Amino acid sequence: MRWTDFLLPTLKETPAEAETQSHKLMLRAGLIRKLSSGIYNMLPLGLRVTQKVASIVREEMNRIGGLEILMPILSPAELWEESGRWGIYGKELMRVRDRHGRFFALGPTHEEIVTDIIRGEVRSYRQLPLTLYQIQTKFRDEVRPRFGVVRAREFLMKDAYSFHRDEASLAETYDKMYEAYTRIFTRCGLRFGPVEADSGAIGGDVTHEFMVFAETGESRVFACDCGYAATEDTAECVIDVPEGSQGARGLEKVETPAMKTVEEVTAFLKKEPRQLIKTIVYNVEGEYVAVLIRGDREINEVKLAKVLGTPNIGMATAEDIEKVTGGPLGFSGPVGLKDVRIIADRTVTGACNMVTGANEADVHYVNVTLGRDFEVTGFHDLVLVEAGDICIRCGKPLATWRGIEVGQIFKLGTKYSKIMKATFLDEEGKEHPFVMGCYCIGITRTVAAAIEQHNDKDGISWPISIAPFEVHVLPTNVTVRELKDTAEAIYNGLMAEGIQVLLDDRDERPGNKFKDADLVGTPIRVTVGEKSLKEGKVEIRMRKSGEVTKIEKGDAIARIAEVVREEKKKLEA
RNA sequence: CGGGGCGUAGCGCAGUCCGGUUAGCGCACCUGCUUUGGGAGCAGGGGGUCGGAGGUUCAAAUCCUCUCGCCCCGACCA
């Protein structure tokens with residue numbers, strides 16, 4: 001491609017709206033332009049990268065036997081009502097109405113639609129397993145679109161769905177997907193990690209998220225050298241449980257004037273936060289539940305929601321707390337608490353001689369002991385893991401890092417097939433619901449994640465597998481005949497080798513061209529300038545290392561083609 | 001939805017508090033000349049409903065009311 005025939009609008013200054021490196025660089029290097037909040041135009045350069053990522057994904061899906069299909073973006077409300085998600089998906093589901101007043105959803109994901117296809121077309125166990133996938137625009141009315149294409153309201157996603165006769169078959173496909181995902185992100189040149197995760201609105205029990213390591217990532221992950229890795233929502237850790245209740249001292253009330261926080265109370269009583277039990281009252285769909293956790297730890301609300309069996313939980317208001325406990329906010333405790341379900345984190349197991357609120361203003365209890373002074377209906381793992389906590393697999397401390405979630409794989413089971421009555425017949429003619437899995441990858445998000453990992457002060461530095469061009473040919477001055485002709489010859493020669501080349505044939509000063517070349521980030525740059533050409537040479541410069549080698553003009557095409565092959569080889573999975 | 005901030009040329013901004021020339025600067029763009037190895041110089045030029053609507057005033061980018069959009073922080077997720 002000749003630059004002068006292309007639309008590649010680079011920006012010297014960063015638009016004010018951009019916060020993260022990937023967003024800034026996608027705008028500056030002319031990959032995208034914003035149309036509206038969370039909605040982007042994909043310019044030619046951006047599309048080239050997106051399509052490269054998509055084709056790597058397609059190759060790997062096909063390799064494990066996936067069949068590509070294309071489902072419509074618009075889907076009738078009835079299908080969503082059947083699964084129950086028309087109601088529970090919430091405001092994130094974009095809805096439109098046709099001229100007859102019928103409602104449609106703009107697909108955020110397609111479980112209902114594939115399930116509908118399969119229940120119509122597949123009758124026999126002989127047709128299983130079956131994996132269908134598509135690469136398509138998805139819509140989610142995000143509460144807060146952010147970071148450009150990373151959290152957009154309209155984005156490109158690969159979504160695959162597998163159908164099985166039993167869990168064993170699902171497990172097999174799940175493992176193949178896991179490996180395919182590993183190959184995909186490796187081929188894209190990303191540093192990433194699969195982590196155990198929460199299944200959220202899509203449902204199912206077993207699920208892994210694929211995280212690309214990035215400082216600006218929205219997700220926090222805990223990981224251990226032994227291979228254990230999980231998101232903040234699901235991470236578990238070993239809790240040091242104190243000894244039993246021998247040595248319990250007598251329960252006592254103490255004055256704690258205006259001291260509401262753990263820090264205030266423990267400092268006043270000359271105790272450690274871990275000697276106190278926090279009591280947090282939650283409003284669970286109109287009912288109140290008191291949740292106990294040791295004073296030095298925080299509650300993980302995702303775990304709590306799972307234990308309570310509903311995502312609709314929130315902290316009770318100050319007024320509700322007075323009503324429920326009889327005391328003001330900040331002085332709640334389990335002792336004498338009536339008519340409220342009390343559950344506790346494992347840190348409360350064996351609680352002895354602890355401090356708690358007394359459910360009256362400015363008073364706390366000391367020497368509170370489990371079993372003697374209060375009871376709980378159950379112990380659960382509700383703790384929010386922190387860096388340094390102990391790994392449940394190997395006993396070493398957990399490390400923490402941030403990541404961008406680029407894909408997730410789920411074992412759905414029969415959640416959708418049961419409710420939508422999608423069944424097949426086994427050898428004995430017995431009817432069973434399909435066992436399902438679903439597997440997605442954010443294609444446009446992967447592009448952003450790649451930039452987030454591969455950039456420096458000068459711009460993007462693409463892994464060659466997803467670079468919009470493999471080689472950037474840069475004549476320093478196109479008004480000089482010899483420079484122009486040499487550059488053109490190399491350009492044509494490389495194209496004949498099947499290499500994707502961008503020729504900067506603009507009549508610009510060299511400085512501008514160098515700056516733009518670094519910004520756009522093509523991995524290999526060939527500089528055709530007067531200095532070297534006098535000696536009959538051209539220069540190869542690697543974008544990532546800055547390393548320059550001079551080569552004979554006559555060897556250029558063969559040598560460059562070789563460098564391209566070497567670079568590609570490094571990213572093979 | 002709650003909290004904070006911003007809308008002035010394609011991009012980045014000043015001017016707004018304290019109303020008063022023809023609304024300004026840098027970059028980008030067009031023409032010409034010079035220049036050509038890391039974001040050139042000179043000269044000339046084009047481009048604005050000052051987000052929108054209403055109001056106050058002799059006079060509004062500037063003051064008041066309403067409204068729309070965008071960004072950031074929190075609850076969501078590929």
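Naming convention: chains lettered A, B, ... in sequence-line order (proteins, then strands); numbering from 1 in each chain. Remember, predicted model here, so these are calculated numbers, not experimental data.
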Engineer: With heavy atoms under 4.0 Å as the rule, sort A/R541 into base, sugar-phosphate or nothing.
Structural biologist: base
Engineer: Hey, does A/E539 reach any base, or is it just sugar-phosphate, or nothing, if we go heavy atoms under 4.0 Å?
Structural biologist: base
Engineer: Using the closest heavy atom to pick a nucleotide of RNA chain B for each, name whichever of A/R28 or A/G442 lands nearer the 5' end.
Structural biologist: A/R28
Engineer: Rounded to the nearest angstrom, tell me the gap between atom NZ in A/K91 and atom P in B/C76.
Structural biologist: 14 Å
Engineer: Does the gap between the ring centers of A/Y439 and A/Y178 come in under 6.0 Å?
Structural biologist: no
Engineer: May I ask you to say what A/V150 touches in the nucleic acid, namely base, sugar-phosphate or nothing, with a heavy-atom cut-off under 4.0 Å?
Structural biologist: base
Engineer: Who does B/C29 pair with, Watson-Crick or G-U, both distances under 3.5 Å?
Structural biologist: B/G45
Engineer: If I pick the C1' atom on B/A28 and the same atom on B/A40, what distance separates them, to the nearest angstrom?
Structural biologist: 15 Å
Engineer: Do nucleotides 42-53 of chain B as a string where each nucleotide becomes B, S or -: B if the base has a protein heavy atom under 4.0 Å, S if just the sugar-phosphate does, - if no protein is that close.
Structural biologist: ------------
Engineer: Taking the P atom of each, how far is B/G24 from B/A61, in whole Å?
Structural biologist: 13 Å
Engineer: Between A/D233 (side chain) and A/V302 (backbone), is there a donor-acceptor pair under 3.5 Å?
Structural biologist: no
Engineer: For B/A60, what is the paired nucleotide under Watson-Crick or G-U wobble rules, both distances under 3.5 Å?
Structural biologist: none
Engineer: What contact category does A/E530 fall into here, base, sugar-phosphate, or nothing, at under 4.0 angstrom with non-hydrogen atoms?
Structural biologist: base
Engineer: Name the pairing partner of B/G69, where a pair is Watson-Crick or G-U wobble with both distances under 3.5 Å, or state none.
Structural biologist: B/C6
Engineer: Would one find a side-chain N or O of A/N512 under 4.0 angstrom from OP1 or OP2 of B/A40?
Structural biologist: yes
Engineer: For B/C50, which nucleotide is its Watson-Crick or G-U wobble mate, given both distances must be under 3.5 Å?
Structural biologist: none
Engineer: Heavy atoms under 4.0 Å, any strand shown: does A/G529 hit a base, just sugar-phosphate, or nothing?
Structural biologist: base
Engineer: Which part of the nucleic acid does A/E92 contact within heavy-atom distance under 4.0 Å: base, sugar-phosphate only, or nothing?
Structural biologist: sugar-phosphate
Engineer: Given the P atoms of B/U49 and B/A9, what is the spacing between them in whole Å?
Structural biologist: 8 Å
Engineer: Quick check on B/A28: is either OP1 or OP2 less than 4.0 Å from any side-chain nitrogen or oxygen of A/K12?
Structural biologist: yes
Engineer: For B/C11 and B/G32, measure between their P atoms and round to the nearest Å.
Structural biologist: 27 Å
Engineer: Which nucleotides of nucleotides 70-75 of chain B have their base under 4.0 Å from a protein heavy atom (B), which only their sugar-phosphate (S), and which neither (-), written as one string 5' to 3'?
Structural biologist: SSBBBB
Engineer: Checking all strands, does A/R220 fall into the base, sugar-phosphate, or nothing category for heavy-atom contacts under 4.0 angstrom?
Structural biologist: nothing
Engineer: Counting only heavy atoms not in A/E287 (residues, nucleotides, ligands), do more than 12 fall under 6.0 Å from its CD?
Structural biologist: no
Engineer: Salt bridge between A/R187 and A/E59, side-chain N to carboxylate O under 4.0 Å?
Structural biologist: yes
Engineer: Is there a stack between A/F514 and B/G39, judged by ring centres under 5.5 Å and planes under 30°?
Structural biologist: no
Engineer: May I ask which nucleotide in the shown strands pairs with B/A40, Watson-Crick or G-U wobble, both distances under 3.5 Å?
Structural biologist: B/U34
Engineer: Would you measure the distance from the P atom in B/G20 across to the matching atom in B/C64 and give it in whole Å?
Structural biologist: 15 Å
Engineer: Work out how far the C1' atom of B/G51 is from that of B/U34, and round it to whole angstrom.
Structural biologist: 43 Å
Engineer: How far does the C1' atom of B/C17 sit from the matching atom of B/U22, given to the nearest Å?
Structural biologist: 25 Å
Engineer: Tell which nucleotide pairs with B/A23, taking only Watson-Crick or G-U wobble pairs whose two distances are both under 3.5 angstrom.
Structural biologist: none
Engineer: Would you indicate whether A/E81, at its atom CD, is surrounded by more than 12 heavy atoms from other residues, nucleotides or ligands within a distance under 6.0 Å?
Structural biologist: yes
Engineer: Would A/V563 and A/M542 satisfy side-chain contact (heavy atoms from CB on, under 4.5 Å), going step by step from the backbone distance to the final call?
Structural biologist: CA-CA 10 Å; A/V563 174; A/M542 303 306 287; 4.0 Å; yes
Engineer: Between B/G3 and B/U62, how many Å separate the two P atoms, rounded to a whole number?
Structural biologist: 26 Å
Engineer: Tell me whether the side-chain N/O atoms of A/R509 come closer than 4.0 Å to OP1 or OP2 in B/A40.
Structural biologist: yes
Engineer: For B/C1, give the paired nucleotide (Watson-Crick: N1-N3 plus N6-O4 or O6-N4; G-U: N1-O2 and O6-N3; both under 3.5 Å), or none.
Structural biologist: B/G74
Engineer: For A/M42, which of A/T444, A/V49, A/L31 qualifies under side chain to side chain contact (heavy atoms under 4.5 Å, CB included)?
Structural biologist: A/T444
Engineer: Measure from the ring center of A/Y161 to the ring center of A/H110 and say whether it is less than 6.0 Å.
Structural biologist: no
Engineer: Pairing donors with acceptors under 3.5 angstrom, does anything connect the side chains of A/Q408 and A/T207?
Structural biologist: yes
Engineer: At 4.0 Å (heavy atoms only), tell me whether A/D159 reaches a base, stays on the sugar-phosphate, or touches nothing.
Structural biologist: nothing
